[in-house]
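What you see is a predicted model, and the numbers here were worked out from it, not measured in a lab.
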Amino acid sequence: MSGDSAQNGKGCVSKVAAVDQAEVTDIPPGSRSGQKENMSERFDCDNCKESLYGRKYIQAEESPYCIPCYDSLFANTCDECKELIGHDSRELFYEDRHYHEHCFRCFRCDRSLADEPFTSQEEALLCNDCYCNEFSSKCVACDKTVMPGTRKLEYGGSTWHEGCFICHSCEQPIGSKSFIPDKDDHYCVPCYENKFAPRCTRCKQALAKGGVTYRDEPWHKECFVCTGCKVQLAGQHFTSREDSPYCLKCFGNLYAKKCEACSKPITGFGGGKYISFEERQWHQPCFTCSRCSVSLVGAGFFPEREEILCRDCNGGNL
């Protein structure tokens with residue numbers, strides 16, 4: 001038995017096989033070429049009992065059969081034409097279906113499939129070309145069929161040959177690398193960044209993803225730092241002076257007024273309140289009587305040179 005392989009509709013390998021033909025002979029067993037048969041011994045067809053002397057016969061299941069009986073008893077029916085496949089016909093079978101060689105043909109174009117790759121689609125036999133034209137995807141770039149077994153790329157419901165899926169800018173195959181779609185075009189990451197990505201205000205390099213925006217300008221997170229100490233400001237509170245960003249600590253040390261009591265910066269950030277009087281400022285908790293330390297917030301007080309006094313402490317000066 002011999003066979004040819006083909007790919008079926010699910011991508012598996014199928015087999016079509018040729019059935020070995022029955023051996024036809026006209027010499028009864030025990031006879032030798034050139035010797036006269038012994039007519040006294042019966043040699044009949046096992047089915048119709050007619051004598052096989054002088055006739056061709058076929059040995060099957062250890063019994064002899066005349067040609068008509070053999071065909072009627074043992075021949076398979078062709079799945080295509082529904083006729084018996086005679087002993088002298090080349091028989092092909094595929095998935096328990098039997099065919100005359102000339103009946104084993106493509107359902108669409110009628111070409112012989114006896115020695116060709118083929119596919120079975122819902123029991124219909126198709127040559128490889130017809131199957132691809134009818135069921136395989138077409139490359140949206142070249143409009144040619146993407147043959148089964150070839151490397152392809154699929155995205156957004158469309159299919160490309162691997163070599164046809166290229167960057168719109170550099171026209172190099174993208175393959176398995178990352179890419180960025182833009183409307184109907186596709187770009188490799190370097191080309192997209194060069195063409196479309198915003199550039200960092202500080203380093204002027206493209207921002208592929210992430211980053212921060214300050215005063216409507218894009219920055220890399222690692223580039224958006226305090227003007228004073230250079231710590232990254234992304235994700236934390238900061239302020240600015242003359243369009244330059246500062247962390248709260250640097251801004252307080254460099255520009256904030258100092259508390260009259262503790263000498264620490266008064267920034268006002270984080271909801272902190274402060275008191276201001278005659279060019280002097282205090283943190284609210286620091287605004288206390290210079291002598292008894294009672295809080296003066298919301299109460300009357302009396303300035304005494306560099307001191308501020310509560311009513312009681314000021315009464316001792318009267």
Side-chain angles (χ1 to χ4, degrees), residues 3-17 94-95 105-109 111-214 216-225 232-235:
D4 300 311
S5 65
Q7 192 168 20
N8 66 21
K10 297 181 180 179
C12 301
V13 174
S14 305
K15 293 284 186 180
V16 57
Y94 169 70
E95 293 187 349
R105 313 183 75 82
C106 174
F107 179 75
R108 290 283 184 267
C109 68
R111 69 192 288 184
S112 173
L113 300 177
D115 300 304
E116 296 286 338
F118 69 94
T119 299
S120 177
Q121 187 70 21
E122 298 179 354
E123 298 190 358
L125 301 176
L126 299 173
C127 67
N128 207 36
D129 290 342
C130 288
Y131 174 82
C132 291
N133 290 333
E134 187 164 346
F135 297 103
S136 293
S137 303
K138 286 189 178 292
C139 174
V140 297
C142 68
D143 200 38
K144 294 182 180 179
T145 300
V146 180
M147 301 295 288
T150 59
R151 295 178 65 86
K152 64 180 180 180
L153 293 169
E154 296 180 332
Y155 174 74
S158 298
T159 304
W160 290 261
H161 294 107
E162 185 179 41
C164 292
F165 191 65
I166 61 175
C167 171
H168 183 70
S169 180
C170 67
E171 297 185 350
Q172 294 300 309
I174 295 175
S176 59
K177 295 182 293 186
S178 298
F179 67 93
I180 301 174
D182 182 68
K183 298 178 181 178
D184 294 330
D185 299 322
H186 305 89
Y187 294 86
C188 64
V189 173
C191 285
Y192 184 85
E193 291 179 351
N194 290 332
K195 191 176 183 67
F196 299 108
R199 296 189 175 275
C200 175
T201 303
R202 182 180 182 190
C203 70
K204 309 307 179 184
Q205 298 299 313
L207 277 80
K209 58 181 179 179
V212 297
T213 300
Y214 172 64
D216 295 325
E217 294 178 333
W219 303 65
H220 289 113
K221 288 183 178 180
E222 57 271 21
C223 292
F224 189 61
V225 298
Q232 288 190 28
L233 297 177

Which value, rounded to the nearest 0.5 Å, describes the distance between Cys203 atom SG and Glu222 atom CD? 7.5 Å
Spacing of SG belonging to Cys127 relative to CZ belonging to Phe107, to within rounding of 0.5 Å: 12.5 Å
Side chains of residues 165-173: which donor-acceptor partners sit under 3.5 Å, not counting sequence neighbours?
unit_1	atom_1	unit_2	atom_2	d
His168	ND1	Asp185	OD1	3.4

Looking at His161 and Lys138, would you say the former's side chain and the latter's main chain have a donor-acceptor pair under 3.5 Å? no
What pairs with Tyr155 under side-chain contact (heavy atoms from CB on, under 4.5 Å), at least two apart in sequence or on another chain? Trp160, Phe179, Pro181, His186
One should read off an interatomic distance between Ser158 OG and Leu153 CG, to the nearest 0.5 angstrom, of 12.0 Å
Minimum heavy-atom separation for Leu207 to Cys200, with atom names? CD1-N, 3.1 Å
Can you tell me how far the SG atom of Cys164 sits from the CG atom of Asp143, to the nearest 0.5 Å? 10.5 Å
Distance in Å, Thr201 OG1 paired with Tyr214 OH, rounded so as to fall on 0.5 Å steps: 11.0 Å
Would you say Gln205 and His220 make side-chain contact, with heavy atoms under 4.5 Å? yes
Inter-residue atom distance Tyr187.OH - Asn194.CG, 0.5 Å rounding: 12.0 Å
With side-chain contact (heavy atoms from CB on, under 4.5 Å) as the criterion, how do Phe224 and Gln232 come out once you've worked through the C-alpha distance, each side chain's angles and the decisive distance to 0.1 Å? CA-CA 6 Å; Phe224 189 61; Gln232 288 190 28; over 6 Å; no
Contact check, side chains of Trp219 and Thr213, non-hydrogen atoms, under 4.5 Å: no
Shortest non-hydrogen contact from Arg199 to Ala206? NH1-N, 3.6 Å
Where is the tightest heavy-atom contact between Ala234 and Val212, given as atom of each residue plus distance? CB-CG1, 4.0 Å
What residues form a side-chain contact (heavy atoms from CB on, under 4.5 Å) with Thr159, not counting sequence neighbours? Ser137, Val146, Lys152, Glu154
